[in-house]
There are 2 protein chains.
Amino acid sequence: MKAEIITIGDEILIGQIVDTNSSWIAQQLGKLDVDVVQMTSISDTEAAIMATLNTASSRADLIIITGGLGPTQDDVTKKTAAKYFGTTLIRDQKVLQHVTGFFEARGLPMLEINRQQADVLANCEVLFNDYGTAPGMLVRHAQKQYVFMPGVPFEMKHLMVARVLPILEQQNSDTFIHHETILVGGIGESYLAEEIKDIEDELPPNIKLAYLPTLAFIRLRLSGKSKNKVDILQQVKLFKTKLLHRLKDYVIADQDTSIEQHLIKSLTRAGLSLTTAESCTGGSLAASLTAIPGSSEIFVGGTIPYSNRLKQLLLGVHEHTLSQFGAVSEQTALEMAQGAKIKFETDYAIATTGIAGPGGGSIEKPVGTVWIAVAGRKKSISRKFQFNNDRLINIERTRMNALLLLWKLLSEEEA
Amino acid sequence: MKAEIITIGDEILIGQIVDTNSSWIAQQLGKLDVDVVQMTSISDTEAAIMATLNTASSRADLIIITGGLGPTQDDVTKKTAAKYFGTTLIRDQKVLQHVTGFFEARGLPMLEINRQQADVLANCEVLFNDYGTAPGMLVRHAQKQYVFMPGVPFEMKHLMVARVLPILEQQNSDTFIHHETILVGGIGESYLAEEIKDIEDELPPNIKLAYLPTLAFIRLRLSGKSKNKVDILQQVKLFKTKLLHRLKDYVIADQDTSIEQHLIKSLTRAGLSLTTAESCTGGSLAASLTAIPGSSEIFVGGTIPYSNRLKQLLLGVHEHTLSQFGAVSEQTALEMAQGAKIKFETDYAIATTGIAGPGGGSIEKPVGTVWIAVAGRKKSISRKFQFNNDRLINIERTRMNALLLLWKLLSEEEA
């Protein structure tokens, strides 16, 4: 099946917000083997909406439209869609009740403009929105399917997960799709491709392998498609086993997860605790861990000893280490990690120190020089990196490699 | 002038990367009064590129195309463009020299595929790319302008700033455009609009006011356009003065800046220092400050006392405060801020403590309950917030409001 995604709204066209909906929707559709052939962002005008629905319908079987359903704008999008399909708008009583309840609960007066939120296309299946007042709508018209959803990300995601994807899955119920994902780290994309070339060449036409890389990790996703469920499950798992075996030195997780989630889960399961001591990452490492629900189970907290004084005061780094080797050195990184581990009584501690740039570089230690150390239950490890000139990318690369180093030590000490 | 932005690449269509180029380009064009009428993401195929160039040309005067110029893919995009314009590709000697130098400097062998990076449309003006091997190209064809650029964000931004925008400015040289921006905080968008309604109504047709909101701050941008430079400068500044006067309680900065940049600049100028003590924001507050070059001038470092033990150990929060009032309380927030300020000998300290969710809520303190405190040179202030159920949005709202509170205390103590 081919799909097209249309986002409606001037705030995207003037660059005020970045459209993150389209890529999220594309990821979900990809898992159902639906190919997105085009994404389009347009203005909230009748002419633009009519023209885009027309051209999208000529290319795709499924057209997903987000945005333009808010109370101040809903006239043009819904009215234009009604015109496009040659239908009218009718007031849906269940949605009206929901909208009324929403306003009553907040003690807010309800205007006609709010009641209009309950107006839906007469030819649609209503996709009830538990999280907001604008319902989604599914229209089947001339062999094509059109899905209208609000543009607010969490409302759109709710409608996709709870309403749209189950419908699409059911339509495909004669074809079974199965995914298996592996998270690997510490190997570049081209080396990885080389390493598994023969396995990739062996894949039958109904199993595809996708590389999903970030700055330091790659997710490998096997997607198999068949009318025979048992058969395809078995086949995909066979290839997964081959990949796991071949890549055993790099495999972090044998399922679809992030490095942060994986580490928190591993530490939680083993009853181990963690602290962070961040100089050059400036808090972003801890922020990425604490963004995950449940992180407080293993993360006691951390420090951001930016100045030399705080490196001494918070972590007990020795003054002579700083003066002899400098703040950006293996010795300082190790003392930071070991000091943090002892002071905060954790099983593991990660430390970062480096020159993120643009200032602060020298001939011996140019911008992009970074030391990372991890102190563990049995030993400490450290590694030097030489990144480039972009401050934000240097911070992000350091953060990711710090997580990779923690994973390595954790694996060694568990083995 | 009307513009359309086309991004080419399957990695966008499968949702592997979010297209951030389009919104950045739209922001830059907006400043030159160029309206973006559509953004389109398409596959790297001849059919899709031909069709999209065709329809874009029917709507816009300026068509900006990014992506599809890398060494492995450049055949199809450049060849398709050549076909579209009825021209050929020629090898540009200056670009070839640049590409050759790039490979020599890295000691890498150079293949024919790399030399092809120097092939450009015969009818183009080459937009020389200092930061990469794929040059940009400007084509003038049938009263329209087409700009081709690589999709790598920092190369694209370099080409826009150094090559494309100056050309567009010059083309518009008979019309002068002037922007003035004000950053305000602590007031909602609808209240702000109400507050300045009469000033907005007074604006002449050649001066526009744009609201650019985030979760806690709004940038107001006045954009004037005229053939008379002196005249428009004066007019825009007059309205800016009116807005500054009317909004004096909310104005953070009278120029285009972020709250983080503004605070760092203000503190640096006044020779003041800062520390952060983050429980519920988990490092994201410090990360947002340290992302800015030069932040080490004022930021000595910070702490992330996630556990109660670290709140006591790092900041000297009293055990009886924690047991009597709880970790999420005004008393704890104030002790965190004051403890951090004294321990790390800074002029200012920000503390956050709250229940980000999804777990940890209770009837008295539901998920989304947050206390922020700021300790200053003369006094401390604190404020309670009740946010909602989304962990990441709660963290981000807390972070932004913590910066707002620091700004408030700083303003009071400077006055």
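Reminder, nothing fancy here: chain letters follow the sequence lines and each chain counts from 1. It should be emphasised that the depicted structure is a prediction, and the values quoted were computed from it without experimental measurement.
- Residue A/Ile5: no heavy atom, backbone or side chain, is found under 4.5 Å from chain B.
- Looking at A/Asp19, A/Thr20, A/Asn21 one by one, the single match for side-chain contact (heavy atoms from CB on, under 4.5 Å) with B/Val18 turns out to be A/Thr20.
- If you measure heavy-atom distances from B/Leu13 to chain A, the contacts under 4.5 Å come from both the backbone and the side chain.
- Within the 4.5 angstrom heavy-atom criterion, no atom of B/Arg59 approaches chain A.
- Residue B/Leu310 touches chain A through its side chain alone, counting heavy-atom pairs closer than 4.5 Å.
- To the nearest 0.5 angstrom, A/Phe154 atom CZ is 13.0 Å from B/Leu392 atom CG.
- For chain A, the option among B/Ser288, B/Ala286, B/Cys280, B/Gly302 with the highest count of heavy-atom pairs below 4.5 Å is B/Gly302.
- A/Arg391 contributes a side-chain N or O that, together with a main-chain N or O of B/Thr290, makes up a donor-acceptor pair within less than 3.5 Å.
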Sequence neighbours left out, cut at 3.5 Å: what donor-acceptor pairs do the side chains of residues 29-38 of chain B make with other protein atoms?
{"unit_1": "B/Asp33", "atom_1": "OD2", "unit_2": "B/Lys225", "atom_2": "NZ", "d": "2.4"}
{"unit_1": "B/Gln38", "atom_1": "NE2", "unit_2": "B/Thr40", "atom_2": "OG1", "d": "3.4"}

For side-chain contact (heavy atoms from CB on, under 4.5 Å), just list the numbers for B/Gln27 and A/Ile14, CA-CA rounded to whole Å, side-chain angles, deciding distance to a tenth of an Å, and then say yes or no.
CA-CA 6 Å; B/Gln27 282 176 28; A/Ile14 64 170; over 6 Å; no
Give the C-alpha distance, both sets of side-chain angles, the deciding distance and a yes or no for side-chain contact (heavy atoms from CB on, under 4.5 Å) between A/Val300 and B/Arg309.
CA-CA 8 Å; A/Val300 302; B/Arg309 184 170 168 269; over 6 Å; no
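- Taking the side chain as every heavy atom from C-beta outward, B/Tyr306 and A/Ser295 approach each other to under 4.5 Å.
- In plain terms, the two heavy atoms of A/Gly15 and B/Ala26 that are nearest each other are N-CB, 3.8 Å.
- Residues satisfying the salt bridge (charged side-chain N to carboxylate O under 4.0 Å, His left out) criterion with B/Asp256, sequence neighbours excluded, are B/Arg219.
- Rounding to the nearest 0.5 Å places CE of B/Met39 at 11.0 Å from OG of A/Ser22.
- Put simply, of B/Gly283, B/Ser307, B/Ala287, B/Ser41, the one with the most heavy-atom pairs under 4.5 Å next to chain A is B/Ser41.
- Residue contact with chain A, scored on non-hydrogen atoms closer than 4.5 Å, is absent for B/Lys311.
- No donor-acceptor pair under 3.5 Å is formed between the side chain of A/Gln16 and the backbone N or O of B/Leu212.
- Heavy atoms of other residues, nucleotides or ligands lying less than 6.0 angstrom from OH of B/Tyr211 number more than 12.
- When heavy atoms are compared at a cutoff of 4.5 Å, B/Leu314 approaches chain A solely by way of its side chain, counted from C-beta outward.
- If you tally non-hydrogen atom pairs under 4.5 Å between each of A/Gly359, A/Gly282, A/Gly360, A/Ala291 and chain B, the highest count goes to A/Gly282.
- Inter-residue side-chain proximity for B/Ile304 and A/Thr303 is flagged as unmet; no heavy-atom pair is nearer than 4.5 Å.
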